[in-house]
There are 2 protein chains.
Amino acid sequence: MVTIKDIAKQLGISVSTVSRALNNHSDIKKETKLKVLETVKKLNYRPNSIARSLIHQRTFTVGLMIPDITDPFFSTIAVGAQELLSEQGYQVIIGNTLRDKDKEKHFIDSAIERKMDGLIVTPDHLDEELIELLANLSIPVVFLRRKPPKKLKLPYVDVNHYKGACEAVEHIISLGHRKIGYLGMPLESQIAIDRFQGYKDTLQKYDIPYIKDFIKLTGGRTIQSGRETMDQFIPKLPQMTALFAYNDLLAIGALESLAHHHIRVPEEISIMGFDDLEISSLYWIQLSTMSQPRNQMGRYAAETILKMMNPSVTNEIPEYIILDSTLVQRNTCTHVV
Amino acid sequence: MVTIKDIAKQLGISVSTVSRALNNHSDIKKETKLKVLETVKKLNYRPNSIARSLIHQRTFTVGLMIPDITDPFFSTIAVGAQELLSEQGYQVIIGNTLRDKDKEKHFIDSAIERKMDGLIVTPDHLDEELIELLANLSIPVVFLRRKPPKKLKLPYVDVNHYKGACEAVEHIISLGHRKIGYLGMPLESQIAIDRFQGYKDTLQKYDIPYIKDFIKLTGGRTIQSGRETMDQFIPKLPQMTALFAYNDLLAIGALESLAHHHIRVPEEISIMGFDDLEISSLYWIQLSTMSQPRNQMGRYAAETILKMMNPSVTNEIPEYIILDSTLVQRNTCTHVV
DNA sequence: AACGTTCTCGGTAACGTTACCGAAAGTCGA
DNA sequence: TCGACTTTCGGTAACGTTACCGAGAACGTT
């Protein structure tokens with residue numbers, strides 16, 4: 001490998017002079033600087049950022065821990081974060097955890113040992129061990145899509161799931177529906193709780209009775225599980241005129257089930273999703289849904305971590321950034337007949 | 001930051017002894033080793049892999065350059081590569097180029113400066129400059145989804161696009177079709193050339209005349225552009241009984257267009273795709289297609305780069321790995337009436 | 001008791017780079 | 001021509017770690 005020493009030797013000058021030439025210091029003659037740059041090209045020298053990192057105690061890398069890059073939801077967030085960070089010279093290291101606890105822990109370990117400058121995380125398994133790990137971290141951390149436990153006192157970026165659910169249900173109600181079901185996830189995550197609460201509170205706000213038979217919770221977060229759960233819904237269907245799903249995947253699963261049972265959407269039942277995935281705008285689906293600003297979430301998380309990594313008086317670090325989701329009206333939600 | 005020095009100081013021993021304790025060397029007393037490990041825990045010491053890299057001249061990082069992580073096609077490849085590499089202690093750094101030439105160049109630059117141990121690339125803009133850059137690289141490089149130019153002499157992993165196209169068209173023919181159109185990409189990439197050639201050669205093999213009007217090439221690789229191009233096809237449609245599309249996105253665009261024009265698939269026309277995306281198995285689409293072993297491609301690329309990074313006599317480095325695609329029969333391809 | 005062997009440890013240099021300090025050379029005005 | 005200042009450079013130490021060599025202690029053998 002060609003190093004700064006080789007250049008110094010070649011020109012008969014010292015390494016410190018070469019270093020200064022390469023880093024645009026002022027105390028160097030223009031002539032020698034040019035000679036150095038010339039030799040750099042000739043020898044195809046490339047600075048070793050490893051050595052640089054060791055001195056500066058900065059690696060210009062940021063870790064981004066997400067559950068699944070295969071999921072367009074998260075990859076879009078990742079792209080948003082990456083765009084901003086790479087503009088600032090940071091390398092983004094994606095940790096794909098597949099919602100596996102050991103992988104989450106392993107990634108944070110690796111972030112410590114590789115001396116990343118910051119960390120953006122969407123942890124799934126936030127148990128005592130992981131909290132302890134994050135608490136002892138000496139680098140900035142931003143939470144994404146999850147409020148950090150009080151103990152941690154870290155900034156976070158999320159959308160207002162509660163408000164989004166309220167608006168979704170409110171829209172359904174504004175179309176005249178009164179018998180509105182909910183197809184959701186078990187109340188194990190805060191997001192699931194918030195969206196369900198939004199559903200319930202909005203019903204109450206409009207004096208619509210809460211009917212337990214209109215609620216069905218699924219196991220997985222896949223189209224398949226949405227479909228299977230909807231199959232169980234079908235018998236009670238005549239009473240229901242609209243259904244609010246926890247997310248687009250479940251909604252699409254429901255659409256599959258309904259199509260399979262020859263129940264017309266939206267004529268016989270209206271369906272509302274949450275997320276606005278790419279596939280939701282497909283010709284055959286055209287799902288009405290709440291769109292989340294995914295790319296922006298990534299960007300805001302990046303912006304926050306940048307502020308934390310480069311502290312200055314003028315840069316206030318926000319406690320949290322809560323974004324709004326927006327209603328996207330397509331073809332699965334219409335006036336009750 | 002707590003370093004190896006702090007541990008040495010705390011115990012009144014030398015840093016080299018601590019280092020040997022941490023690296024399982026034999027010339028150390030069990031007693032002192034235990035004391036060291038104890039202090040490591042007490043002080044929450046973490047080895048600094050940056051410093052380690054500097055000495056060992058290895059960073060245990062591998063760069064993975066892909067056009068778009070948002071595309072499930074590439075993210076699945078990435079996951080496959082990541083699985084294998086992280087098992088071996090490597091960190092994967094994903095470079096999302098968005099098919100932008102500057103970003104490709106920038107990522108390779110960054111790979112050099114950060115002293116990555118290896119590189120897996122799917123370059124889009126393989127011009128002289130980029131070839132030169134790759135040629136001067138002192139680290140192993142594996143090409144993915146693209147044959148490297150002769151000048152480079154690097155191993156590559158790909159599927160046999162020609163053979164896949166042949167099998168697809170052969171399957172269509174076996175269903176009795178003789179009037180088979182092609183909806184493709186401009187012949188700018190090798191993949192586009194191979195698939196088109198497979199289409200043409202198979203027609204010839206079965207003495208089916210090649211009709212120019214049955215060929216339409218699109219601009220983009222999106223559903224949208226597939227749809228728009230299909231709209232132009234519609235007038236000539238009565239003569240055609242089947243259509244082979246360059247990939248699933250174009251095929252789905254075609255399905256949209258056909259649905260919009262109330263032309264029934266597969267009753268009036270059969271459609272065949274290539275790639276087997278997740279959405280192709282959706283209830284409303286059920287696209288017959290050629291499935292590419294995406295995860296495996298990533299794994300093989302990882303396996304190859306691992307062999308190159310850890311040379312030994314027993315490990316032969318393959319010149320190339322060509323995988324087969326497999327026919328997935330769904331509902332868009334049926335017997336001609 | 002003297003010897004060779006094994007076990008255990010410390011000191012030093014090195015990886016590639018930059019910060020810092022001091023010194024030599026050049027410049028300028030009086 | 002002299003001092004003061006500026007310009008330009010080199011040497012050294014440091015970042016955190018490991019490889020290498022040599023030395024002392026402990027041990028057993030004759």
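Lettering follows sequence order; numbering is per chain, from 1. It should be emphasised that the depicted structure is a prediction, and the values quoted were computed from it without experimental measurement.
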Nearest-Å distance for atom pair NZ/P, residues A:Lys35 and D:dT8:
13 Å

D:dT18, OP1 or OP2 - any side-chain N/O from B:His25 closer than 4.0 Å?
no

Check B:Arg99 with B:Asp68, please: is the shortest side-chain N to carboxylate O separation under 4.0 Å?
no

What is the distance, rounded to the nearest whole Å, between atom CD of B:Glu31 and atom P of D:dA26?
13 Å

Rounded to the nearest angstrom, tell me the gap between atom CD1 in B:Ile50 and atom P in D:dT18.
13 Å

Sugar-phosphate means primed atoms, P, OP1 and OP2; the rest is base. With that split, encode nucleotides 7-15 of chain C 5' to 3' as B, S or - using protein heavy atoms under 4.0 Å.
-BBBB--BB

Between C:dA19 (P) and A:Leu22 (CG): distance, integer Å:
12 Å

Between C1' on C:dG16 and OH on A:Tyr45, what's the gap in Å once rounded to a whole number?
8 Å

How long is the line joining CG of B:Asn24 and P of D:dT18, in whole Å?
11 Å

Applying side chain to side chain donor-acceptor pair (under 3.5 Å) to B:Gln91 and A:Ser110, what does each step give before you reach the verdict?
CA-CA 9 Å; B:Gln91 184 87 255; A:Ser110 144; 2.6 Å; yes

Please find the pair of heavy atoms, one from A:Leu133 and one from A:Asp109, that lie closest to each other, and give the distance.
CD1-OD1, 4.1 Å

Are any of the side-chain nitrogens in A:Glu83 or B:Lys103 under 4.0 Å away from the carboxylate oxygens of its partner?
no

From NZ of A:Lys9 over to P of C:dG16, roughly how many Å is that when rounded to an integer?
11 Å

What's the CG-P distance between A:Leu11 and D:dT8, to the nearest Å?
17 Å

Could you give me the CA-CA distance, side-chain angles and deciding distance for A:Lys307 and A:Glu316, then say whether salt bridge (charged side-chain N to carboxylate O under 4.0 Å, His left out) is met?
CA-CA 8 Å; A:Lys307 282 184 188 168; A:Glu316 283 280 309; over 6 Å; no

N-O pairing of B:Asp158 and B:Arg146 below 4.0 Å
no

Quick one: is C:dT18 close enough that its OP1 or OP2 comes under 4.0 Å of any side-chain N or O from A:Arg52?
yes

